[in-house]
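Before any comments, here is the structure.
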Amino acid sequence: VAQDGSVVEARSYDVPADVCNVDVNALASDGAGGFYVAGQCLGDPRSFLLHARGATSTFRLLGDITGLRVNVAEHIGEDAFLAGSIAEGADALVAFRIRADGTVAYAKRYDGCVNAPDAIPSTAIVGPLGEVTLAGSGGAQHNGLVLRLLPDGSVGFATFPGFGFGAGSVFLLDSLVELPTTGYVGGGSSVRLTGMDPEDVPSAGLVGFDAAGHIVWANRYTFGDTGAY
């Protein structure tokens, strides 16, 4: 789509209905003029990866993994990087690096800790050496998540930063940018679940992180009167 909204190119890619009814969640360049498209099969426990380049495409299912939801896609060179979560009580984070020829470089599961049992990614930044920094939520979405995966899929660091919204609040860290010097700035939001505590109203937040995912500064922004959204 061009800047004026006109369509530059449009293509459709058929998938047999008996294989997967696709529900697209993530899109990324493949670094070579094509695209990676990822998501779930509706009414099916499986997720999929579609690699499209021009009129050609390849489609593959990401195993028979019950409860898998892929919602982050990036490219590492020409490889696809996918991340999501598996709902099994607590949500475990999963990450895949799949080469352009369809072979798997790694496919790993990452569980949270006792105080932050969930790990749900929302966004990712790929570094120059193939490392990936993920941001999202954890601890039943009461904490943010910042996670660094090394090029082989091993963990460089993992933090679950809280933002002090008070009991019953939610902190969803769903955007992340890397600073030109050292560290990151993340954006997120809180959602009031129960109660009428004036310190626990829906709000937005910006958080500054150092290079290891620790909070350097944090600002909270509310909109309107108490209780307003």
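Remember, it's a predicted structure, so these values are computed and weren't measured experimentally.
For Thr133 and Arg148, the side-chain atoms include at least one donor-acceptor pair closer than 3.5 Å.
Distance check, rounded to the nearest 0.5 Å: CD1 of Ile86 to CD1 of Ile120 gives 12.0 Å. From His214, atom NE2 reaches atom CZ of Phe209 across 10.5 Å, with rounding to the nearest 0.5 Å. Here the CZ atom belonging to Arg60 is positioned 12.5 Å from the OG atom belonging to Ser47, to the nearest 0.5 angstrom. Here the CG atom belonging to Leu176 is positioned 6.5 Å from the OG1 atom belonging to Thr123, to the nearest 0.5 angstrom.
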### Task
Give the intermediate values and the outcome of side-chain contact (heavy atoms from CB on, under 4.5 Å) for residues Glu74 and Val132.
CA-CA 9 Å; Glu74 294 289 345; Val132 183; 6.0 Å; no
### Residue pair Leu206, Tyr221: steps toward the side-chain contact (heavy atoms from CB on, under 4.5 Å) verdict
CA-CA 8 Å; Leu206 288 179; Tyr221 306 93; 4.0 Å; yes
### Query
Yes or no on side-chain contact (heavy atoms from CB on, under 4.5 Å) for Arg109 and Val94, after CA distance, side-chain angles and deciding distance?
CA-CA 4 Å; Arg109 167 179 174 151; Val94 291; 4.2 Å; yes
#### Entry: Evaluation steps, side-chain contact (heavy atoms from CB on, under 4.5 Å), between Leu149 and Phe81
CA-CA 11 Å; Leu149 298 182; Phe81 172 84; 4.2 Å; yes
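By the rule that hydrophobic residues join a cluster once side-chain heavy atoms approach within less than 4.5 Å of another member, Leu50 and Ile98 end up as members of separate clusters. A single hydrophobic cluster is not seen to contain both Val126 and Phe35; linkage of ILVMFWY side chains at heavy-atom distances under 4.5 Å, directly or through other members, places them apart. Linking Ile, Leu, Val, Met, Phe, Trp and Tyr whenever their side-chain heavy atoms come within less than 4.5 Å leaves Leu27 and Val70 in two separate clusters. Residues Leu150 and Leu82 are members of separate hydrophobic clusters, defined by side-chain heavy-atom contacts under 4.5 angstrom among Ile, Leu, Val, Met, Phe, Trp and Tyr. Hydrophobic cluster membership is shared by Val155 and Leu145, with clusters built from Ile, Leu, Val, Met, Phe, Trp and Tyr side chains linked at under 4.5 angstrom.
With hydrogens and angles ignored, the 3.5 Å screen pairs a side-chain donor or acceptor of Tyr36 with a backbone N or O of Glu78. Between the side chain of Asp118 and the backbone N or O of Asp91 there is at least one donor-acceptor pair closer than 3.5 Å. Under a 3.5 Å cut-off, the side chain of Arg46 and the backbone N or O of Val19 do form a donor-acceptor pair.
Between Leu62 and Leu49 the shortest side-chain heavy-atom distance falls below 4.5 Å. A heavy-atom distance below 4.5 Å is found between the side chains of Asn71 and Pro121. The shortest distance between side-chain heavy atoms of Pro161 and Val207 does not fall below 4.5 Å. Taking the side chain as every heavy atom from C-beta outward, Arg97 and Ile76 approach each other to under 4.5 Å. Counting heavy atoms from C-beta on, the side chains of Leu179 and Val185 come closer than 4.5 Å. Counting heavy atoms from C-beta on, the side chains of Cys41 and Leu61 come closer than 4.5 Å. At a threshold of 4.5 Å between non-hydrogen side-chain atoms, the residues Leu134 and Leu93 count as touching. Side-chain contact between Phe157 and Val146: present, with at least one pair of heavy atoms (C-beta onward) separated by less than 4.5 Å.
Across all their heavy atoms, Asp152 and Ser154 have their closest contact at OD1-OG, 2.6 Å. The nearest pair of heavy atoms linking Phe48 to Cys20 is CD2-SG, 4.0 Å. Counting all heavy atoms, side chain and backbone alike, Ala158 lies closest to Leu147 at CB-CD1, 3.7 Å. Taking every heavy atom of both residues into account, Gln40 and Leu68 meet most closely at CG-O, 3.8 Å. Contact between Gly153 and Tyr106 at its shortest, heavy atoms only, is N-CE2, 3.5 Å. Scanning all heavy atoms of the two residues, the minimum distance from Arg99 to Val104 falls at NH1-O, 3.4 Å.
More than 12 non-hydrogen atoms from other residues, nucleotides or ligands lie less than 6.0 angstrom from CZ of Phe59.
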